[in-house]
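These notes are about the structure you will find just below.
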Amino acid sequence: MLDAAIPGPPGHWLIGNLRDIDVDNTMESMCRLTRIHGPIWKFYLGAEERIVVGSQVLMDEVCDESRFTKVIAAVLKQARNGVHDGLGTAHGLEETNWGIAHRILAPHFASIAVENTFDDMHDIATQLMLKWTRYGPTHDIHVTDDFTRLTLDAIALSTMGYRFNSFYQESMHPFINALATFLNTNAERAKRSSVLQPICMLENYRYWGSIEELRKISYAIISERKLQPSDRKDMLNTMLHGIDPETRDQMTEESVVNNMITFLFAGHETTSGLLSFTFYYILSNPAAYTRARQEVDDVVGDAVITAVHLARLPYLSAVLRESLRLSPTVPAIVLAAKEDTTLGGKYRVKAKAPIVALLAAVHRDRRVYGSDADAFRPERMLDEEFNQRNQEFPNCWKPFGNGMRGCIGRFFAQQQALLVAAMILQSFDLSLSDPSYRLRTKQMLTVKPDGFRMRARPRHYVS
Ligand code: HEM
């Protein structure tokens with residue numbers, strides 16, 4: 001077959017397609033352009049070409065790790081300034097620290113090992129339940145803010161035994177402030193040309209200061225652990241003492257710091273966004289709300305929830321999967337061909353040219369999900385249908401990324417989201433603060449609902 005030209009919006013000779021893409025919400029723009037140009041299209045940022053794929057068939061093709069590999073681009077490229085060759089920002093096997101850290105940490109993040117973190121997750125979730133109970137039933141909860149406090153505190157406690165105590169402070173812990181500056185500035189820097197970077201002097205001062213602060217606190221946490229060793233089976237001990245089964249190397253202290261910061265930035269907004277979208281969808285779909293709550297009542301009742309209960313909540317697990325399908329909190333991953341190749345049987349693609357795999361579009365492919373692909377219907381995500389669909393349409397649901405560069409924290413995230421969602425349904429009657437609210441999104445490194453507020457009335461509330 002003859003090579004075909006990849007379609008795309010016509011661009012300006014100097015600025016490319018900058019006017020077609022809303023830099024504050026690139027994903028919404030890209031999904032809109034996918035609806036216009038089809039499942040493969042290209043655009044230019046200045047002179048730089050980007051190819052976008054947004055169907056299951058093309059997703060399946062770029063997930064072939066023998067032909068394609070992850071590329072560190074845009075925000076991740078900026079994040080390397082702070083965490084260098086940490087797991088998320090390393091270039092892959094070509095950086096030896098990635099392999100050592102991956103082999104030491106992957107078994108620890110495997111589902112069984114994550115169960116060790118249940119008590120810490122439960123501890124922090126209980127703090128949230130208490131806070132919402134004390135708010136009372138008429139308080140408008142800033143849902144995403146509270147979930148962000150929860151997920152940060154839970155990761156810090158379960159991975160390194162450290163308490164940020166975000167629910168008990170007016171002002172945030174210095175680490176959290178520094179992390180926010182680091183993440184926000186990475187997003188800003190990714191939007192502008194590197195030529196303009198030196199003139200943003202105040203921003204640069206704060207940015208490099210935040211990186212110094214993050215690293216200083218991380219080194220202090222390591223020193224404290226070394227001074228007062230503990231037998232906790234947590235990530236910090238695994239990183240400090242684990243031995244790579246392949247090379248027999250240990251992680252360097254520098255690599256431990258890179259990965260401590262990586263876990264916090266990769267794990268908190270992603271899971272906070274998942275919980276926020278989930279409650280938006282539940283509140284907008286009364287039948288799903290009733291069924292999920294009934295399941296929690298049947299399985300957990302008034303008891304204190306345990307890890308054993310979690311395995312018996314298939315409908316609520318399907319709710320989380322469906323929420324990640326409609327609103328993947330990491331909305332895209334960036335890959336590139338290892339060698340010049342042909343994509344979709346007819347589109348020539350050069351080696352190393354960035355390909356944006358748009359999960360937010362792939363997850364709504366009508367060939368896979370049918371005419372109600374845009375609807376929230378958790379039933380389609382129950383195990384049997386979910387597994388059957390994944391076999392028939394490989395790589396149609398990829399919220400945790402692909403292959404060896406896929407999410408190392410997915411079991412951790414899934415356990416935490418399920419636990420917190422179940423505890424909230426068990427404890428409160430929920431309602432939208434503004435019944436006319438319709439989902440808007442905000443995008444930084446991840447996507448979250450914007451302006452979403454809800455009310456939580458304790459279920460056994462006596463006025
Ligand atoms: C990688 C999604 C939670 C740690 C990724 C990737 C995705 C993802 C899509 C691949 C990124 C890429 O290809 O560039 C999510 C979602 C989460 C979540 C949707 C929650 C709902 C977590 C948590 C942790 C974590 C809780 C840690 C405690 C990581 C790390 C990587 C990663 C370290 C890089 C892995 C590597 O390249 O070796 N995640 N993640 N994530 N995630 Fe997550």
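As the structure lists them, so they are numbered: ligands from 1, and atoms in each ligand from 1. Values in this document were obtained by computation on a predicted structure and should not be read as measured data.
- Distances from atom 21 (C) of ligand 1 to the heavy atoms of I155, T446, L359, T270 show the closest one on T270.
- Here the two rings, on F164 and Y162, have centers that are under 6.0 Å apart.
- Atom CD1 of I155 sits about 8.5 Å away from atom CE of M121, to the nearest 0.5 Å.
- Closest to atom 28 (C) of ligand 1, if we only count protein heavy atoms, is F109 CE2, 3.8 Å.
- Annotation: cation-pi pair R410/F109 absent, no NZ/CZ under 6.0 Å from the ring centroid and within 45° of its normal.
- For atom 8 (C) of ligand 1, the choice among A417, C407, G99 with the nearest heavy atom turns out to be C407.
- Atoms of ligand 1 found under 4.0 Å from any heavy atom of T329, numbered from 1 in the order shown, are 19 (C).
- The closest protein non-hydrogen atom to atom 38 (O) of ligand 1 is W98 NE1, 2.8 Å.
- With 3.5 Å as the limit, one finds a donor-acceptor pair spanning the side chains of T144 and S276.
- For R32 and D22, the salt-bridge test fails: no basic side-chain N is under 4.0 Å from an acidic carboxylate O.
- Atom 29 (C) of ligand 1 has A266 CB, 3.7 Å as its closest protein atom, hydrogens excluded (heavy atom only).
- Protein heavy atom nearest atom 37 (O) of ligand 1, with residue, atom name and distance: R405 NE, 2.7 Å.
- Those atoms of ligand 1 with a heavy atom of F412 less than 4.0 angstrom away are 26 (C).
- The proximity of K70 to ligand 1, defined as any non-hydrogen pair under 4.0 Å, is limited to the side chain.
- Using a 3.5 Å distance cut-off with no hydrogens or angles, the side chains of N25 and T441 do pair a donor with an acceptor.
- Of all the heavy atoms of L76, the ones lying under 4.0 Å from any atom of ligand 1 belong exclusively to the side chain.
- Looking at T271 against ligand 1, both its backbone and its side chain come within 4.0 Å, counting heavy atoms.
- Atom numbering of ligand 1 starts at 1 in the shown order; those under 4.0 Å from a heavy atom of G267 are 22 (C), 23 (C), 24 (C), 26 (C).
- Remark: ligand 1 atoms within the under-4.0 Å shell around heavy atoms of P399 are 2 (C), 9 (C), 19 (C).
- Of all protein heavy atoms, the one closest to atom 34 (C) of ligand 1 is G88 CA, 3.5 Å.
- Regarding atom 31 (C) of ligand 1, its nearest protein heavy-atom neighbour is I408 N, 4.3 Å.
- Applying the ring pair (Phe, Tyr, Trp, His ring centres under 6.0 Å) test between Y280 and each of Y437, F376, F147, Y289 identifies Y437 as the sole match.
- Using a 4.0 Å cut-off between charged side-chain N and carboxylate O, E392 and R389 make no salt bridge.
- By the 4.0 Å N-to-carboxylate-O rule, D372 lies too far from R364 to be salt-bridged with it.
- A 4.5 Å side-chain heavy-atom check between P449 and K442 finds every atom pair outside the cut-off.
- Looking at atom 36 (C) of ligand 1, its nearest protein heavy atom turns out to be L87 O, 3.3 Å.
- The distance from ligand 1 to the heavy atoms of G401 drops below 4.0 Å at these ligand atoms: 9 (C).
- What sits closest to atom 13 (O) of ligand 1 on the protein, heavy atoms only, is I333 CG2, 3.4 Å.
- If you look at F400 next to ligand 1, the close heavy atoms, those under 4.0 Å, come from the backbone and the side chain alike.
- Here E95 pairs with R80 in a salt bridge; the nearest charged N to carboxylate O distance falls below 4.0 Å.
- Under a 4.0 Å criterion applied to the non-hydrogen atoms of G406, ligand 1 contributes the atoms 35 (C).
- Within 6.0 Å of CD on E94 lie more than 12 heavy atoms contributed by other residues, nucleotides or ligands.
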